[in-house]
Amino acid sequence: MAALFEKGGVETIEDLLYYVPRAYTDWSRIADVDTLKVGDRVTVVVRVLSCDVARRGRRSTFVAALEDDTGAIFARWFNQPYLQNVLEKGTKAVVSGEVRFDKHARRTEFVNPAFEVIREDEAAELVHAGRIVPEYSQIGELSGRRIRRIMKTAIDRFIDGLVDPLPAGVRRKHSLPGLRDAMGDVHFPPSLERAERARSRLAYEEFFLFQVIVALRKLRGATGGPAVRFDWSDEEHGRLLASLPFELTGAQERVIGEIRRDMAGARAMNRLLQGDVGSGKTVVAAAAMHQAVADGYQAAIMAPTEILAEQHYENITALLEPLGDRVVLLRGGMKAADREEALRLIESGEAEVVVGTHALIQEGTKFGNLALAVVDEQHRFGVVQRAALRAKGKTPDILVMTATPIPRTLALTVYGDLDVSVLDELPPGRTPVATAVRDEAARTRVYEFLRKEIGEGRQVFVVYPLVEESEKVELSAATKMYEELKGKVFEDATVGLIHGRMKPEEKDAVMDGFKKGATDLLVSTTVVEVGVDVPNATVMVIEHAERFGLAQLHQLRGRVGRGAHRSYCVLMVGPGASDEARERISVLADTNDGFEIAERDLEIRGPGEFLGVRQHGLPRFSVADLARDSRLLVRARDDAFAFVDDDPGMKGAEAALVRAAIERRFRDRETFIDVG
Ligand code: ADP
Ligand code: MG
């Protein structure tokens, strides 16, 4: 049994108790048989009058006639022939279900009702019928009914062993029921109101414990050793501003101010910079990195893909080399000699600004004196990578940048230990990207439109989705489309192809051609997803848009609308797309607000999918639901931070309970990586 439960992550009695029902069915209404009407959802207390199993091949129907003192009714169960041994003639049972009318037999009956046998000698409480019945998701071979029976035993025998980890003050403040009451009610509730009250108390508890981890993580991060106190001289900053081809937006100035205060402080910076695509995060990072260099230290920026790293390298070189900073690129797929040279420069400290992929956090990469680490497009990296980069310096300041606006609940969970800055203003002169959803019937017209844009000197992206687990399929679809577009549709235009299987040099060449305007239309797999900057590109066509998440589509759309020309995004839906999928992606046609889209995406897909599953320090909550319980989370967070503030060493008796509960309930390693 233990082995079966383990598959569902249930290893201890406590784990089992926290395996709460996914729903309840209210079978608490008990009625006399002679009052039953079609459509009633009721419970009857009956005796089996007669029964029979009819078999046809491998199928079977078990039929029983049931009676109480007022009348009789039939019940049928499909494919459960063993019931003839359970509901034998004369057996007393409680039966709960919906009353239906069977046209052929011309009688009312129950079909597959819930039931429970009553034994004369037992005054046992009902579990499966005749009450508000908890419904459990099955775990492997363990059916919901089986789990329910085991749960009842666990509650009856072990509930007294539960120790409430919530501090008394917190419990009083929100008038929360005690743990034992809540646990009893959540599984076998006397009313649906009590069930919800119990569930939300347990969800609160889970959030509270997790936010204590976050609070500790933040505290440790902030006091993990003295960080460099950067000078950030006005003079150096002025030099940078003077060399920019544009003026900073108000939001950029504000955020740079926030970073400046952090970097000047005695504690290491731990800041998340959120900014929609195109909001100008790169120059903010460059300003901070330049300052680190001006003070005699190294700065590094880590990007999730080769193309992005390269683009950062170009942009940052253009921004900072005129000021005298030495910028060095480190990525996978470099020639051995180049790579060695880069590693040498990084170790000696001659490389003042280091731009790279995750090659930066590999073991062989050693920094001379890294004091500022920037992580771009954070949603591709997790807590682990962040920690690895931090470990490359003594206590470097950390700036994490993300273009995927993160719903508040997730931000508080995954990045809860970071201070947050938001670039909520786009550089001037941008018009929102006009977005439309189209299907195959419109393909010819879409192509005509592309031809027109190309005729006016603009450029076009056509993007293919990543087909899960099959780079090959993706590749062949993109290649086919490339051939078709090149040969038939756009004879006068230059069509390029880029995909994940190409060698870095090949990608470079293609990307270069597109950036310089030599290529009019670029067919691409999702490698262009993040960050690529080609201001002259005005149309983004996304094939099989229904296969993408909303946040991802928004990212892709952000590749256009970066220059002065009006830009467009065409979301092509495949013939197999459901109405729901169409409806879902039409959210993009309604709004350009990344935060709104992110909230919708979280609602629709759930947090795991949204972030791309585990990897992100996102724990698996067993009771709480991030999309639904956001108000609880905010409260629990405030309480948890106040609690840690009062007892930062976690020395008191209440802290000991909290700590022990955390250790039992959040056993996965990732959660603790920064807490130690
Ligand atoms: P993202 O936040 O998506 O990384 P980038 O940093 O790539 O955005 O900036 C997008 C584009 O906007 C770049 O071409 C950049 O040079 C330009 N840009 C950034 N800040 C400004 C500004 N204040 N005024 C005008 N253009 C800007
Ligand atoms: Mg960027």
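Both ligands and their constituent atoms are indexed starting at 1 by order of listing. It should be emphasised that the depicted structure is a prediction, and the values quoted were computed from it without experimental measurement.
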Ion pair check, [X] and [Y], cut-off under 4.0 Å:
X: Arg260; Y: Asp234; answer: yes
X: Arg239; Y: Glu236; answer: yes
X: Arg584; Y: Glu546; answer: no

Within a distance under 4.0 Å of any heavy atom of Thr249, pick out the atoms of ligand 1 and give their elements. 23 (N)
Ligand 1 atoms in contact with Leu248 (distance to a heavy atom under 4.0 Å):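 Ligand 1 atoms under the 4.0 Å threshold to Leu248: 23 (N).
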Specify side chain, backbone, both or neither for Thr282, according to which of its non-hydrogen atoms lie closer than 4.0 Å to ligand 1. both
Taking the minimum heavy-atom distance to [atom], which of [options] ranks first?
atom: atom 8 (O) of ligand 1; options: Pro535, Gly280, Pro428, Ala251; answer: Gly280
atom: atom 25 (C) of ligand 1; options: Ser279, Pro427, Gly250, Ala286; answer: Pro427
atom: atom 20 (N) of ligand 1; options: Gln252, Arg559, Glu247; answer: Gln252

Does Lys281 use its side chain to pair, donor to acceptor, with the backbone of Gly275 at less than 3.5 Å?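 Checking the backbone N and O of Gly275 against the side chain of Lys281, a donor-acceptor pair under 3.5 Å is found.
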On the 0 to 90° scale, with breaks at 30° and 60°, tag the Phe449-Tyr568 ring pair as parallel, tilted or perpendicular. perpendicular
